[in-house]
2 protein chains.
Amino acid sequence: MRIGELAELAGTTTRALRYYEAQGLLPARRGANGHREYDQSDLRLVSEIRSLTGIGFALEETRPFLDCLRTGHPTGDSCPASVAVYRRKLAELDELIGRMSAVRERLRDQLALAELPFTTPVCPTSAGSDLDHGDNAEDPDR
Amino acid sequence: MRIGELAELAGTTTRALRYYEAQGLLPARRGANGHREYDQSDLRLVSEIRSLTGIGFALEETRPFLDCLRTGHPTGDSCPASVAVYRRKLAELDELIGRMSAVRERLRDQLALAELPFTTPVCPTSAGSDLDHGDNAEDPDR
DNA sequence: CTCCACCTTGACGCCGACGTCAAGGCAAGG
DNA sequence: CCTTGCCTTGACGTCGGCGTCAAGGTGGAG
């Protein structure tokens, strides 16, 4: 099949496919007229790329999965390199979720405070720099 | 004070401050020589920008908070527009955390599967396929 | 006077993953 | 033959938030 068809089947664009090729992720055979020629295995590769990037993987991170598929493995994550990416990504995700949850807490508290009609606007006596009178005193920086 | 001092006090760079000004977030008075002139209220504004962007707000989203401070309110979130941004951001955050948690689950499951020694691969008749006699199954979660 | 640190504006670079336009080739149908 | 539709390569645009360089102005110390 040609690039347009593959793009449609994979639910992406020809531009994206050419980009993947330029990144060395999706080498393409060429027909006599110079047109790129793809088959089902390429559709499989593109699907792998799409599903991985779809859940937050960078393009570069999909490479091990593609190599894995290309070397005949049944799934892209059947290889150690892919599993390593999984592990790393999972750790990143946990880190990110943790930070975002902390922000969420702070935000929730701030929202609650900000929604109070008219309580303690310029509240005297209490030195006003302690807006973290909640629970956490951890990790002041970063 | 001048831009360099403000930058240092606020823990940022002169480039960033000029950028904020270009975005209309931090208008600056000018001295006779054309140099930007700032005071404590500007430091307050920059601090507001930094703390908000630091927890994931886009620059543009800090605008209501700055307007709020500039109109004399004690905190940047004392105004309805700011509260609205809070609400929106909190919703975004919940959405994001939700999606990421879902991805995390999928990833965890995939990782668990991918880490299983050798079940139904195309593995070419490898008799001694038990090369995983080490410590597999280490820390399946997290 | 020079030197130096600071300031000014302008403009290009960067990152990722493409979008979009330009200019042209090639095959099939009317 | 001409149009239509797909394909090709090349190259610039996008978004955010600045970094970095260039070329020049200014004010105070030595």
Side-chain angles (χ1 to χ4, degrees), chain A residues 1-39 42-43 45-66 85 88-89 92-93 96 103 142, chain B residues 1-39 42-43 45-66 85 88-89 92-93 96:
Chain A
M1 72 183 85
R2 286 175 304 173
I3 196 171
E5 190 180 353
L6 178 59
E8 193 166 7
L9 286 178
T12 182
T13 67
T14 61
R15 181 66 181 92
L17 297 183
R18 281 190 268 257
Y19 181 69
Y20 299 157
E21 181 179 8
Q23 304 307 304
L25 294 172
L26 185 68
R29 290 146 303 271
R30 298 304 183 106
N33 50 10
H35 290 191
R36 291 171 179 82
E37 194 57 38
Y38 302 96
D39 59 20
D42 293 309
L43 175 55
L45 292 176
V46 177
S47 299
E48 188 82 6
I49 295 178
R50 301 286 298 169
S51 67
L52 288 174
T53 58
I55 59 178
F57 283 63
L59 260 189
E60 198 46 49
E61 295 175 322
T62 69
R63 195 180 297 275
F65 295 79
L66 302 178
V85 175
R88 203 159 45 72
K89 211 64 189 175
E92 278 179 29
L93 216 46
L96 206 53
V103 169
R142 272 207 65 181
Chain B
M1 72 183 86
R2 286 174 304 174
I3 196 170
E5 190 180 352
L6 178 59
E8 194 166 6
L9 286 177
T12 182
T13 66
T14 61
R15 182 66 181 92
L17 298 183
R18 280 189 267 257
Y19 181 69
Y20 298 157
E21 181 179 8
Q23 304 307 304
L25 294 171
L26 185 68
R29 290 146 304 272
R30 298 304 183 107
N33 49 11
H35 289 192
R36 292 171 179 82
E37 195 56 40
Y38 302 95
D39 60 18
D42 293 309
L43 175 54
L45 292 176
V46 178
S47 299
E48 188 81 7
I49 295 177
R50 301 285 299 167
S51 67
L52 288 174
T53 58
I55 60 177
F57 283 64
L59 261 189
E60 199 46 51
E61 294 175 321
T62 69
R63 196 179 296 274
F65 294 80
L66 302 178
V85 175
R88 203 158 46 72
K89 210 64 189 175
E92 278 180 29
L93 218 45
L96 206 52

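Just so we're clear, the structure is a prediction, and the values are computed from it rather than from any experiment. These numbers come from the heavy atoms of this one structure, side chains and all, not from hydrogens, waters or symmetry mates. Here is how names work: the chains are called A, B, and so on, in the same order as the sequence lines, proteins then strands, and each is numbered from 1.
B/N33 has its CG atom 11 Å from the P atom of C/dT9, to the nearest Å. When rounded to the nearest whole Å, the span between CG of A/L59 and P of C/dA17 equals 4 Å. Atom CZ in B/R63 sits roughly 12 Å away from atom P in D/dG16 (whole-Å rounding). A/L17 has its CG atom 13 Å from the P atom of D/dT9, to the nearest Å. Between the CD atom of A/E21 and the C1' atom of D/dC7 there is a distance of 13 Å, rounded to whole Å. If you take CD of A/E8 and P of D/dC7, they are 10 Å apart, rounded to a whole angstrom. Here C/dT20 presents its C1' atom at 16 Å from OH of A/Y19, a figure rounded to the nearest Å. Regarding B/E60, its CD atom lies at a distance of 13 Å from the C1' atom of D/dG17, rounded to whole Å.
For A/E8, the side chain to side chain donor-acceptor pair (under 3.5 Å) test picks out no residue, with sequence neighbours left out.
B/T53 comes within 4.0 angstrom of nothing in the nucleic acid, heavy atoms only.
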- Message: Test side chain to side chain contact (heavy atoms under 4.5 Å, CB included) on A/E37 and A/R2; report intermediate values, then the result.
- Response: CA-CA 5 Å; A/E37 194 57 38; A/R2 286 175 304 173; 4.0 Å; yes

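A donor-acceptor contact under 3.5 Å is not formed by the side chain of B/R36 with the base of C/dT8. Side-chain atoms of A/R18 stay outside donor-acceptor range of the base of D/dT9, with no qualifying N/O pair under 3.5 Å.
At least one side-chain nitrogen or oxygen of B/T13 sits closer than 4.0 Å to the OP1 or OP2 atom of D/dG19. Neither OP1 nor OP2 of D/dC7 sits under 4.0 Å from any side-chain N or O of A/T14.
Position along DNA chain C of the nearest nucleotide to B/R15 versus B/I3 favours B/I3 as the more 5'-ward residue. Comparing A/R2 and B/T12 against DNA chain D, the residue whose closest nucleotide sits nearer the 5' end is A/R2.
Rounding to the nearest 0.5 Å gives a distance of 7.5 Å between CZ of A/R18 and CZ of A/R15. One finds the CG atom of B/L17 at 5.0 Å from the CG atom of B/L6 (value rounded to the nearest 0.5 Å).
Side-chain contact between A/L52 and A/E61: absent, with no pair of heavy atoms (C-beta onward) separated by less than 4.5 Å.
The nucleotide whose nearest atom lies closest to any side-chain atom of A/A16 is, among C/dT8, D/dC7, C/dC18, C/dC18. For A/H35, the listed nucleotide lying nearest its side chain is C/dG25; candidates were C/dC18, C/dG25, D/dC18.
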